[in-house]
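Basis for what follows: all heavy atoms, side chains included, without hydrogens, waters or symmetry-related copies. Remember, it's 1-based here, ligands and their atoms both numbered in the order they're listed. One is the number of the first residue; the rest follow in order along the sequence.
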Amino acid sequence: MSTTVFSNDLPHPAPRSSRPEIMAAEIIERLTYRIGKDVQVAKPHDWLTATILVVRDRIIDRWMESTRQAYRTGQKRVYYLSLEFLIGRLMRDAVSNLNLMSEIRDALTSLGVDINVIAGLEPDAALGNGGLGRLAACFMESMATVEVPAYGYGIRYIHGLFRQQMADGWQVELPETWLAHGNPWEFERRESSYEIGYGGSVETVGGYDDAPRYVWKPAERVIAMAYDTPVVGWRGKRVNTLRLWSAQPIDPILLDAFNAGDHIGALRESNKAEALTRVLYPADANPAGQELRLRQEYFFSSASLQDILRRHLQQYPDFTNLHDKVSIQLNDTHPAISIGELMRLLVDVHGMEFEEAWEITRHTFSYTNHTLLPEALESWPVPLFERLLPRHMQLVYAINAKILLEARKEKNFGDSQIRSISLIDESGDRRVRMGNLAFIGSHSVNGVSALHTELMKETVFADLHTLYPTRINNKTNGITPRRWLMQCNPGLTSLIREAIGDKFMDDTDALVELDKFADDKAFQEKFAAVKRANKVALSNLVGSRMGIRLDPSSMFDIQIKRIHEYKRQLLNIVEAVALYDQIRSHPELDWVPRVKLFAGKAAPSYHNAKLIIKLANDVARVINNDPAVRGLLKVVFVPNYNVTLAETMVPAADLSEQISTAGMEASGTGNMKFALNGALTIGTLDGANVEMQEHVGAENIVIFGMTAEEVSNLRAGEYNPREVIEGSRELSQALAAISSGVFSPDDRNRFTGLMDGIYNTDWFLVAADFDAYAKAQRDVDQIWTDTSSWYSKTIRNTARMGWFSSDRTIRQYATEIWRAI
Ligand SMILES: *Cc1c(COP(=O)(O)O)cnc(C)c1O
């Protein structure tokens, strides 16, 4: 194999020292010569930047070695394409994975700087909406940890997900400015730039003897420029690259126009190009149907594919072995246009035959499906697709013709099956179906939990599954135990190390050794003390940010996730209202003191989700100020949910709410974070909850409500929510109170429509599951009352959640899909 890229034998710099006094001197050096600040006047932000630069140097040596190694060994490279990376803060992650935490702390202490203060200033990189983006971030860390040579590809949004503020209980969206102080983690790669085209026409060249060749002549072009962020694996073994693309104009300024006096017009092209990567679409389960979104998807897909092919040609003479050396994982359908783009590049630019290009393409791509919600399956109007990507439209038709013909001939598909597998939805205005394109253009299509994978086979992809019966497979999601245990919960981590040693830090399956301490009273007390300290920390945050005092001896009952009707925050709020009523009506009973905490953002255009946030706040105000409650119930909505907030809330939870309508949550990963950190789960048999029950044991999780099958039967039959509501006194009183304005005296009809939704259709089955949920909550109270039983269950949760490490998930992807380790 060719080694031209690294053929010269220039010496590499000596590895950087990890001695605190040397790092302290380097921090001063960076502060002075890189940031240009006198030590005397340096601001905390300057200290943070200088510290990151010093940490970054420790990463670079390993980063370059990882890159060299991939060339040397000729190992397959994995490319993870995702429109979202919800990475959060990076410093603690990098420092602790390099095993430098105490050294950096000592270095900073010697300079009179508190690491916690500067670490708290690091912006939370929120380049994603929720679970899908956080999964991509956990996967990046795990790919480095299990030593897969991998690149993440995405978009460097100037404004990540909006910052959420509350105004009188309503969500207000403010722009997130995570780059305001610069980003010392990233490296701008001006040399890695590619042209991305849009619009224009396709010309045919070649005579009648030759097979025709097609040349796309785009009408518009922008430049994609790379920014690289190193991703350090656990113990620094490997460092991979997260490459994010930023849009730049071809002509930064039209000088003729400027000189002619049109100062604004002269910059129009430039502004238009930059607008492409300015904002992350705050959509969650429903797609933003805007043209700009399709432009973003093609922009980062095309840049990534061009980059992948360039890297391949540095090492190999042609693309005949592309699928042996490259695996491209599509995180949902957002990058599915990459399939068309690879075909275009291979056929039009590199002159490969269509059939050969198709075989290589299909063996290179694999696709992860994240949702079955019909409104979330991406599709684009044919006229828009054709106008923006005319050559890709031709290729889509060509692929479709080939596949439909094969299906008719080889599998005897009839008209209705053909309609369902077609890349073009002909049922209304014609649309290009990105889910079908991703499925047909991949050799592997995976779901993200066992249940979700089975439902995929039965619902959205039933006919494609018949056509390609071995393509669908399952890879249950996971979370990185570095961030979601060791970093966010140092107290619990120390306690576990004391009890069972350090093995779990390299292999989370070893957590199971904690099982034998589950009934040990002395261990239970220590476990409880850690939980209490985490609850005190959260109480302090809530106290200082919101002025609400919490009692850390109450049960902390937490539901944090995007606000969505299927996730059923509404079920939780209605139960809080019912409980409030009970506490006031029955002062003679022993109520378990509870704090119900919520956090989460609603998509700005999602009316009901925003109303649910307002309801939580309205209910909180009434309950928290009613002396008849005697402190037995509090409701708190903590603003601006993000990764950083999750890192404080997850370790403080006694009870984890995972109560989606069964069949609607593909996996969930929040559920895993809580259980790993010693919370009891109350949940439906949905997503990965099903497998969590298998792992932690049915006696250590509180499951309630309808199954996915029951939900689907109920919806297909004649469900009458009004009847159900009338049959439940607690439920009917709670709904009536909310509907009639008890919690919104300033606008009595504010929630009438929201409640009518439950009375009339109840699509998300809040009413149908209410009684089972309320009963399950009283079961939780019972367990809480027996402290020893509570901790024995929660310790067993921590002990048995090791399988949900994203290292396990990534090993499965790497061996079963990518064949890369
Ligand atoms: C883990 C996580 C999610 C996903 O939570 P679910 O409960 O699985 O929906 C979303 N947002 C953030 C910030 C997270 O850390």
Any non-hydrogen atom of M672 lying under 4.0 Å from ligand 1?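 No, that is not the case, since the closest heavy atom of the residue is not under 4.0 Å from the ligand.
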Does ligand 1 have any atom sitting under 4.0 Å from a heavy atom of W484?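 Yes, W484 has heavy atoms under 4.0 Å from ligand 1.
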Anything under 30° is parallel, anything over 60° is perpendicular, the rest tilted; go ahead and classify H564 against Y566.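 H564 vs Y566 ring planes: tilted.
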Measure up the H695 and F804 rings against each other and bin them: parallel (under 30°), tilted (30 to 60°), perpendicular (over 60°).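 Perpendicular, since the angle between the ring planes exceeds 60°.
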Heavy-atom distance to atom 2 (C) of ligand 1: which of K673, R134, K561 wins?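 Heavy atom nearest to atom 2 (C) of ligand 1 belongs to K673.
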Taking the six-membered ring of [Y] as reference, does the NZ or CZ atom of [X] fall below 6.0 Å from its centre and within a 45° cone about the axis?
{"X": "K601", "Y": "Y641", "answer": "no"}
{"X": "K775", "Y": "F704", "answer": "no"}
{"X": "R156", "Y": "Y227", "answer": "yes"}

For [atom], what's the nearest protein heavy-atom neighbour? Residue, atom name and distance, please.
{"atom": "atom 6 (P) of ligand 1", "value": "G670 N, 3.7 Å"}
{"atom": "atom 11 (N) of ligand 1", "value": "Y641 CE2, 3.5 Å"}
{"atom": "atom 4 (C) of ligand 1", "value": "G131 CA, 3.6 Å"}
{"atom": "atom 9 (O) of ligand 1", "value": "K567 NZ, 2.8 Å"}

Might you point out which heavy atoms bring Q487 and S96 nearest each other, and give the distance in Å?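 For Q487 versus S96, the nearest heavy atoms are NE2-OG, 3.4 Å.
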Under 6.0 Å between the ring centres of Y80 and F139?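 Between Y80 and F139, the centre distance is under 6.0 Å.
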Taking only heavy atoms of [X], which atoms of ligand 1 are found under 4.0 Å from at least one of them?
{"X": "V643", "result": "13 (C)"}
{"X": "G668", "result": "8 (O)"}
{"X": "T669", "result": "1 (C), 4 (C), 8 (O)"}
{"X": "G130", "result": "10 (C), 11 (N)"}

Nitrogen or oxygen of N129 less than 3.5 angstrom from that of ligand 1: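 For ligand 1, there is no N or O atom that lies under 3.5 Å from one belonging to N129.
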Who are the ring pair (Phe, Tyr, Trp, His ring centres under 6.0 Å) partners of F598, not counting sequence neighbours?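 F598: no ring pair (Phe, Tyr, Trp, His ring centres under 6.0 Å) contacts found.
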Ring pair (Phe, Tyr, Trp, His ring centres under 6.0 Å) involving W784 - partner list, sequence neighbours excluded: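 Listed in chain order: W790.
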Any idea which part of I479 is under 4.0 Å from ligand 1, heavy-atom wise: side chain, backbone, both or neither?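 For I479, there is no contact with ligand 1 at all, from either part.
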